[in-house]
A.B. asks: 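First the structure, then my questions, so here it is.
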There are 2 protein chains.
Amino acid sequence: MKLTSKGRYAVMALVDMARFDNINPVSLRDISLRQGISLDYLEQIFSKLRKKEIVQSVRGTQGGYVLNKKAREIKLTNIFDAVDEKVKTVQCKKESKKGCNGKATKCLTHNLWDELENHINNFFDQKSLEDLVKDNSERRI
Amino acid sequence: MKLTSKGRYAVMALVDMARFDNINPVSLRDISLRQGISLDYLEQIFSKLRKKEIVQSVRGTQGGYVLNKKAREIKLTNIFDAVDEKVKTVQCKKESKKGCNGKATKCLTHNLWDELENHINNFFDQKSLEDLVKDNSERRI
DNA sequence: TAGATACTTGACTATTTTAGTCAGGTTTAT
DNA sequence: ATAAACCTGACTAAAATAGTCAAGTATCTA
Ligand code: FES
Ligand code: FES
């Protein structure tokens with residue numbers, strides 16, 4: 001089970017942004033340099049974040065991105081959702097009545113994985129961008 | 001973030017085994033048929049489980065595998081550990097002093113991912129094979 | 001003691017996913 | 001005008017996953 005770079009970068013970039021005043025746009029170039037993430041890759045990621053209205057773009061020189069909501073209102077869940085970083089523990093299709101074995105009943109471990117998925121998603125539901133910025137600044141002191 | 005089939009199958013197979021008396025060995029062929037998992041793949045998985053002493057093998061006709069410990073004492077953590085299903089959320093090497101960005105400090109989100117990893121591992125530490133068998137039989141009533 | 005059952009081992013491979021790259025745009029401040 | 005920065009879609013190398021395959025060895029039973 002591992003976290004992909006796309007998800008990790010999305011959060012990393014947004015924490016980077018959230019540390020500023022949220023008035024002046026932050027350019028991807030700057031984020032790229034500060035965080036060591038490929039600019040082209042960041043562009044893909046921010047395109048998704050924009051579509052899900054997590055950030056707003058400002059085009060042209062001096063442009064960049066700004067947060068579209070208060071940092072407190074942006075949860076990890078929202079970010080992961082935007083970039084298609086999903087937690088997937090079961091093998092079967094959840095809606096389907098069939099199990100991962102193709103049989104008519106769910107497999108022996110289906111409920112376990114479902115629990116696990118909830119357990120992980122709870123974590124993501126609780127953490128906001130604000131928490132992350134705070135955490136980080138507090139630790140620097 | 002997703003769970004791999006190897007990990008899922010390992011647990012599935014062990015739950016299947018744990019439902020029996022633990023005296024007569026259970027053959028992989030039976031598990032394969034009951035759970036719809038490739039026999040060859042199961043063999044790879046059980047080879048690892050045996051090396052980590054989660055199961056014991058009985059060769060020859062009527063052979064198979066038996067649990068090597070009480071179901072209560074086998075935690076998900078042990079199983080995942082045995083089959084190399086590891087939770088990996090950070091990108092950097094944990095022991096290293098360097099961050100994932102190659103810089104001398106850990107990145108902005110390192111602590112977050114570390115927390116996440118603990119959160120997930122807690123779940124695995126708590127669940128035992130016994131719990132899973134119980135859960136399952138209780139739900140059948 | 002022959003044959004069947006079942007574990008044992010190691011190498012090999014197709015498929016999928018990931019983590020980007022690349023090439024071309026468009027918009028806007030100065 | 002020109003440069004900074006966003007925007008878009010297609011493409012690709014590398015890694016991981018999910019197996020398969022082949023050739024054993026051990027043990028029970030008839
Ligand atoms: S994971 Fe849902 S049926 Fe097996
Ligand atoms: S994940 Fe550890 S430094 Fe970024």
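Proteins come first, then strands; the chains are lettered A, B, ... in the order of their sequence lines, and each starts at number 1.
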A.B. asks: For the pair A:Phe123 and B:His119, name the ring-plane relationship: parallel under 30°, tilted 30 to 60°, perpendicular over 60°.
C.D. replies: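 Tilted, since the angle between the ring planes falls between 30° and 60°.
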
A.B. asks: Is the closest basic N to carboxylate O distance between A:Lys94 and A:Asp114 below 4.0 Å?
C.D. replies: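 A salt bridge is present here (some side-chain N lies under 4.0 Å from a carboxylate O).
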
A.B. asks: Short question: side chain of B:Asn121, backbone of B:Glu117 - any donor-acceptor pair under 3.5 Å?
C.D. replies: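 A pair under 3.5 Å: yes.
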
A.B. asks: Under a criterion of less than 4.0 angstrom to any heavy atom of chain B, what are the 5'-terminal and 3'-terminal contacting nucleotides of DNA chain D?
C.D. replies: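 Answer, 5' to 3': D:dT17 to D:dC28.
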
A.B. asks: Between A:Met1 and A:Asp30, just flag the one whose closest nucleotide in DNA chain D comes earlier from the 5' side.
C.D. replies: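 Nearest nucleotide further toward 5': that of A:Asp30.
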
A.B. asks: Could you say whether A:Lys2 or A:Thr61 is positioned toward the 5' end of DNA chain D, judged by the nucleotide with the nearest heavy atom to each?
C.D. replies: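 Looking at DNA chain D, the more 5' nearest nucleotide goes with A:Thr61.
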
A.B. asks: Rounding to an integer number of Å, can you tell me how far A:Lys86 NZ sits from C:dT18 P?
C.D. replies: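 In whole Å, C:dT18 P lies 9 Å from A:Lys86 NZ.
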
A.B. asks: So among B:Thr4, B:Ile37, B:Ile31, which one has a side chain to side chain contact (heavy atoms under 4.5 Å, CB included) with B:Tyr9?
C.D. replies: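 The option that passes is B:Ile37.
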
A.B. asks: When rounded to the nearest 0.5 angstrom, what is the spacing between CG in A:Leu76 and CG in A:Leu129?
C.D. replies: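 A:Leu76 atom CG to A:Leu129 atom CG measures 8.0 Å (nearest 0.5 Å).
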
A.B. asks: Please examine the side chains of A:Thr89 and A:Val87, heavy atoms only from C-beta on, and report whether any two atoms are closer than 4.5 Å.
C.D. replies: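 With C-beta onward as the side chain, the pair touches.
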
A.B. asks: Report yes if a donor N or O on one partner sits less than 3.5 Å from an acceptor N or O on the other, where the partners are the side chain of B:Arg29 and the base of C:dT5; otherwise report no.
C.D. replies: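 Counting by modelled atom types and ignoring angles, no donor-acceptor contact under 3.5 Å is found here.
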
A.B. asks: First locate atom CZ of A:Arg72, then atom NZ of A:Lys75, and finally report the distance between them rounded to the nearest 0.5 Å.
C.D. replies: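 Spacing of CZ (A:Arg72) from NZ (A:Lys75) equals 9.0 Å.
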
A.B. asks: Hey, does the side chain of A:Tyr9 come within less than 4.0 Å of C:dT18's phosphate (OP1/OP2), counting only N and O?
C.D. replies: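 For A:Tyr9, the contact criterion (side-chain N or O under 4.0 Å from OP1 or OP2 of C:dT18) is not met.
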
A.B. asks: B:Arg59 or A:Lys6: which one's nearest nucleotide on DNA chain C is closer to the 5' end?
C.D. replies: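 First, find each residue's nearest nucleotide; the 5'-ward one identifies B:Arg59.
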
A.B. asks: Can you pull out the residues from residues 33-58 of chain B that lie within a 4.0 Å heavy-atom distance of DNA chain D?
C.D. replies: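 B:Ser38, B:Asp40, B:Tyr41, B:Gln44, in order of number.
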
A.B. asks: Are A:Glu85 and A:Arg8 ion-paired here, with the side-chain N under 4.0 Å from a carboxylate O?
C.D. replies: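 Looking at A:Glu85 and A:Arg8, the cut-off is not met.
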
